[in-house]
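Source: prediction; values computed, not measured. Chain letters run A, B, ... following the sequence lines, proteins first, then strands; residues in each count from 1.
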There are 2 protein chains.
Amino acid sequence: MRLSTKGRYAVTAMLDLALNGQEGPVTLSDISENQGISLSYLEQLFAALRARKLVRGVRGPGGGYFLGRPADEISIADIICAVDEWVEFTRCRGKEDCRGGQRCLTHSLWDDLSRQIYDFLTDITLADLVARGLEKEQTCHSRKDSATLETRAA
Amino acid sequence: MRLSTKGRYAVTAMLDLALNGQEGPVTLSDISENQGISLSYLEQLFAALRARKLVRGVRGPGGGYFLGRPADEISIADIICAVDEWVEFTRCRGKEDCRGGQRCLTHSLWDDLSRQIYDFLTDITLADLVARGLEKEQTCHSRKDSATLETRAA
DNA sequence: AATTAACTTAGTGTTTTACTCGGTAATTAA
DNA sequence: TTAATTACCGAGTAAAACACTAAGTTAATT
């Protein structure tokens, strides 16, 4: 498993889609502006997401992107694996030095951990995140008093 | 949270320490050979681990490294944070565009997820991994029959 | 004094990031 | 039919991160 800022970009972009894609397709320009990601970089990410059928593109004016599946059928692991490319855990998969030695044990421990992380992220869907986030939005909106948020415009 | 091969190196190295550091200190040369990591790179990683007191070095002949704390008090998150440097999640922490807008919501969803991953890895200690791995070792040793493992040599 | 092994610093080739730029293809509105 | 819009595609690129080499210094053991 691998989790970099690239994966973060993909997840936040997909979250954006999940939140805004209800009424119609969402353009990459919108996401670019919303999330502060360059348009071309988004195009690269979405090429990978499209290859895995996680999004569906619609060309022409009024076009944009939809989720490729319902939000509750897209896990975080799906998204990260699409853009971040699964890396080989260990180098000794079936190699000659894997005969119950110390090295093999350490590596199998890492494999176990890696699988645990993967399973964990497989259980979390976009829909889960959105649902959990919307609950908290209430709390967020009701704390206007705190900090006053620099309304310096007038 | 960030999880790269660098973090993997650190975790496997620490696992090596947890497994072999019972009777005495473990040298970086040993770990280098066991795990297939270059000595100098290990030295860099261990400089970071030592700064966080996750390991303790002993100089001179017969020296090496010990765990800085008992294995059940060292979490995977501790290790990864030591070498992988915590990255900023969102760019809008307290920025002007965080007034309940769409962007803020997406980012707070990412923050939630990131915290979940962190909490998950905080709950897993080196001791947990070792204990769980030793259980499976029995199974591993008793499945000689399966797959035959390409003993093509003769 | 010689050896061991931790510690430190500098440098280096490779890969990954995140991006710009230039274009093509499909769809819509005029 | 033409122009605008948006997805789609590929090459190139500066900067960072990765993983490593090299060449030392310091502290401990023999």
Side-chain angles (χ1 to χ4, degrees), chain A residues 2-13 16-17 20-21 24-33 35-68 80 82-88 91, chain B residues 1-13 16-17 20-21 24-68 80 82-88 91:
Chain A
R2 187 170 177 176
L3 184 50
S4 64
T5 56
K6 190 177 179 183
R8 188 196 78 178
Y9 280 148
V11 171
T12 52
D16 203 316
L17 261 192
N20 297 358
V26 182
T27 69
L28 291 188
S29 300
D30 288 341
I31 299 179
S32 172
E33 202 170 344
Q35 306 302 328
I37 313 171
S38 93
L39 182 57
S40 284
Y41 196 42
L42 274 177
E43 282 172 342
Q44 283 181 34
L45 295 179
F46 273 70
L49 294 171
R50 194 162 34 80
R52 306 292 186 101
K53 312 263 189 194
L54 296 180
V55 296
R56 181 169 50 88
V58 179
R59 295 193 187 193
Y65 278 97
F66 287 105
L67 289 181
I80 291 174
V83 299
D84 250 339
E85 219 73 17
W86 194 270
V87 281
E88 268 304 309
R91 306 173 181 177
Chain B
M1 195 80 226
R2 187 169 178 177
L3 185 50
S4 63
T5 56
K6 190 177 179 183
R8 187 197 79 176
Y9 280 149
V11 171
T12 52
D16 203 316
L17 261 192
N20 298 356
V26 183
T27 68
L28 291 189
S29 301
D30 288 342
I31 300 180
S32 171
E33 202 171 343
N34 282 342
Q35 306 303 326
I37 313 172
S38 92
L39 181 59
S40 284
Y41 196 42
L42 274 177
E43 283 172 341
Q44 282 180 34
L45 295 179
F46 273 69
L49 293 172
R50 195 162 34 79
R52 306 291 188 100
K53 312 262 188 194
L54 296 180
V55 295
R56 181 171 50 89
V58 179
R59 296 195 187 190
Y65 278 97
F66 287 105
L67 290 181
I80 291 174
V83 299
D84 252 340
E85 218 75 14
W86 195 269
V87 282
E88 269 304 310
R91 307 173 181 179

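Note: CG (B:Leu42) to C1' (C:dC7) measures 14 Å, nearest angstrom. Distance CD1 (B:Ile31) to P (C:dC7): 12 Å, rounded to an integer number of Å. B:Ile37 has its CD1 atom 10 Å from the P atom of D:dA19, to the nearest Å. Going from atom CZ of A:Arg56 over to atom P of D:dA7 covers 13 Å, rounded to whole Å. Counting to the nearest Å, the C1' atom of C:dT4 and the OH atom of B:Tyr65 are 14 Å from each other. Here D:dT5 presents its C1' atom at 13 Å from CG of A:Asp30, a figure rounded to the nearest Å. What separates CZ of B:Phe66 from P of C:dC7 is a distance of 12 Å, to the nearest Å. The distance between atom CD of B:Glu43 and atom P of D:dA19, rounded to the nearest whole Å, is 16 Å.
In this structure, B:Leu45 and B:Lys6 have side chains that are in contact, with non-hydrogen atoms separated by less than 4.5 Å. Considering only heavy atoms from C-beta on, B:Tyr65 stays 4.5 Å or farther from B:Leu42 through its side chain.
A:Asn20 and A:Asp16 share a side-chain donor-acceptor pair at under 3.5 Å.
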Inset, instruction - Starting from the C-alpha separation in whole Å, work towards a yes-or-no answer on side chain to side chain contact (heavy atoms under 4.5 Å, CB included) for A:Leu28 and A:Ile31. - result: CA-CA 5 Å; A:Leu28 291 188; A:Ile31 299 179; 4.3 Å; yes
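Checking the phosphate oxygens (OP1, OP2) of C:dA18, a side-chain nitrogen or oxygen of A:Thr5 falls inside 4.0 Å. Between C:dC7 and B:Arg50, a contact under 4.0 Å exists linking OP1 or OP2 to a side-chain N or O. A:Arg2 has no side-chain polar atom (N or O) that falls below the 4.0 Å cut-off from OP1 or OP2 of D:dC18.
For A:Ser4 and A:Leu39, each mapped to the nucleotide of DNA chain C holding its nearest heavy atom, the one lying further toward the 5' end belongs to A:Ser4. With the nearest nucleotide of DNA chain D identified for both A:Gln44 and A:Gly64, A:Gly64 has the one nearer the 5' end.
The terminal axes of the helix from C:dA1-D:dT30 to C:dA30-D:dT1, fitted over 5 pairs per end, subtend an angle of 10° to the nearest 10°.
For the residue pair A:Thr12 and A:Gln35, the shortest heavy atom distance occurs at CB-OE1, 4.1 Å. For A:Pro25 against A:Gly62, the heavy-atom pair with the smallest separation is CG-O, 3.2 Å.
Relative ring orientation between B:Tyr41 and B:Tyr9 is described as perpendicular, the plane-to-plane angle rising above 60° on a 0-90° scale split at 30° and 60°.
A:Ser32 pairs by the side chain to side chain donor-acceptor pair (under 3.5 Å) definition with nothing, not counting sequence neighbours.
Base contact: B:Ser40 has a heavy atom under 4.0 Å from a base atom.
Shown here is B:Glu33, whose CD atom has no more than 12 heavy atoms of other residues, nucleotides or ligands within 6.0 Å.
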Legend entry - Under 4.0 Å protein heavy-atom contacts per nucleotide of nucleotides 24-30 of chain C, with B for base, S for backbone only and - for none: -BSBB--
